[in-house]
Amino acid sequence: MTAALAASVFPSAAMAHGADDQDVIQQGTASYYADRFQGRRTASGQPFDQQQLTAAHRYLPFGTKVLVTRADTGQSVEVTINDRGPFVKGRVIDLSKSAANELGMLYRGTAPVRLTYLP
């Protein structure tokens with residue numbers, strides 16, 4: 001993703017360029033979906049499944065693949081955007097429970113992350 005495209009997609013997001021020539025498109029706090037959303041329809045029309053590696057983002061197009069990396073531990077997971085949100089100030093992505101588990105954040109609930117666009 002070019003810097004110009006990233007700026008148009010993330011007008012108010014904290015952005016930086018990664019040292020490994022991948023674009024870090026956003027930094028902030030990740031959270032994950034509560035169990036009560038299991039089976040509900042997402043904004044993309046797909047049923048939500050806590051066992052899939054999916055996520056909600058406010059602006060990214062559905063189907064976009066993003067590498068979510070915990071800023072404090074370096075753990076990462078690849079997710080596919082299929083919903084809109086989160087709508088809590090300071091949060092940049094809402095993860096499925098499986099994705100949150102991959103990041104080791106189930107008991108903590110939230111974690112600082114970097115989002116990297118995957119082509």
Side-chain angles (χ1 to χ4, degrees):
M1 177 176 279
T2 67
L5 179 57
S8 68
V9 172
F10 303 103
S12 63
M15 295 170 34
H17 190 339
D20 60 0
D21 206 34
Q22 291 183 320
D23 286 332
V24 174
I25 53 177
Q26 198 168 24
Q27 299 177 67
T29 302
S31 54
Y32 68 94
Y33 285 84
D35 288 332
R36 66 188 169 113
F37 292 105
Q38 177 65 26
R40 291 191 186 178
R41 188 173 307 274
T42 64
S44 68
Q46 300 173 339
F48 177 67
D49 183 353
Q50 289 277 34
Q51 301 306 309
Q52 299 298 312
L53 296 176
T54 58
H57 192 275
R58 281 178 250 166
Y59 310 111
L60 282 175
F62 299 134
T64 300
K65 301 237 184 250
V66 177
L67 182 68
V68 181
T69 305
R70 267 187 73 163
D72 57 346
T73 67
Q75 294 169 279
S76 62
V77 64
E78 182 180 322
V79 298
T80 303
I81 304 301
N82 74 340
D83 203 6
R84 291 290 172 236
F87 300 107
V88 175
K89 186 176 179 172
R91 296 195 186 163
V92 296
I93 196 163
D94 241 346
L95 303 168
S96 66
K97 197 172 210 174
S98 289
N101 187 50
E102 293 283 322
L103 294 179
M105 58 179 272
L106 287 182
Y107 295 107
R108 183 175 173 168
T110 62
V113 295
R114 292 184 309 271
L115 308 183
T116 307
Y117 171 76
L118 296 174

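The figures here come from the full heavy-atom set of this structure, side chains too, leaving out hydrogens, waters and symmetry mates.
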Query raised in the report: If you draw a 6.0 Å radius around CZ in R108, do more than 12 non-hydrogen atoms from other residues or ligands fall strictly inside?
Result: yes

Report summary line: The reported gap from CD1 in I25 to OG1 in T116 (rounded to nearest 0.5 angstrom) is 7.0 Å

Requested in this report: Enter the distance from Q46:CD to R41:CZ here, rounded to the nearest 0.5 Å.
Outcome: 10.0 Å

Query raised in the report: Does any N or O in the side chain of S96 come within less than 3.5 Å of the main-chain N or O of Q52, such that one atom is a donor and the other an acceptor?
Result: yes

Query - For A99 against V77, the heavy-atom pair lying closest together - result: O-CG1, 3.9 Å

Query raised in the report: Quick one: does R70's side chain have a donor or acceptor within less than 3.5 Å of a partner on Q75's backbone?
Result: no

Query raised in the report: Between Q38 and Q50, is there a donor-acceptor pair closer than 3.5 Å when you use the side chain of the first and the backbone of the second?
Result: yes

Report task. Apply side chain to side chain donor-acceptor pair (under 3.5 Å) to S44 and T42, showing your working. Result -> CA-CA 5 Å; S44 68; T42 64; 2.9 Å; yes

Quiz: residues 84-95 side-chain donor-acceptor pairs under 3.5 angstrom, not counting sequence neighbours:
| residue | atom | partner | partner atom | Å |
| --- | --- | --- | --- | --- |
| R84 | NH1 | H57 | O | 3.1 |
| R84 | NH1 | L60 | O | 2.6 |
| R84 | NH2 | L60 | O | 3.2 |
| D94 | OD1 | S31 | OG | 2.5 |

Query raised in the report: Is it true that Y33 and V79 fall in one hydrophobic cluster, defined by side-chain heavy atoms closer than 4.5 Å?
Result: no

Query raised in the report: For the hydrophobic clusters of this structure (ILVMFWY residues joined by side-chain heavy atoms under 4.5 Å, transitively), does one cluster hold both L53 and Y117?
Result: yes

Requested in this report: Find the distance between CG (L115) and CD (Q26) and round it off to the nearest 0.5 Å.
Outcome: 5.5 Å

Query raised in the report: Taking C-beta and beyond as the side chain, do N101 and Y32 meet within less than 4.5 Å on heavy atoms?
Result: no

Query raised in the report: Looking only at heavy atoms, what is the nearest atom pair of F48 and T54, with distance?
Result: CE1-OG1, 4.0 Å

Report task. List the atom of M105, the atom of T110, and the distance in Å for their closest heavy-atom pair. Result -> CE-CA, 3.9 Å

Query raised in the report: Any side-chain heavy atom of I81 within less than 4.5 Å of one from V66?
Result: yes

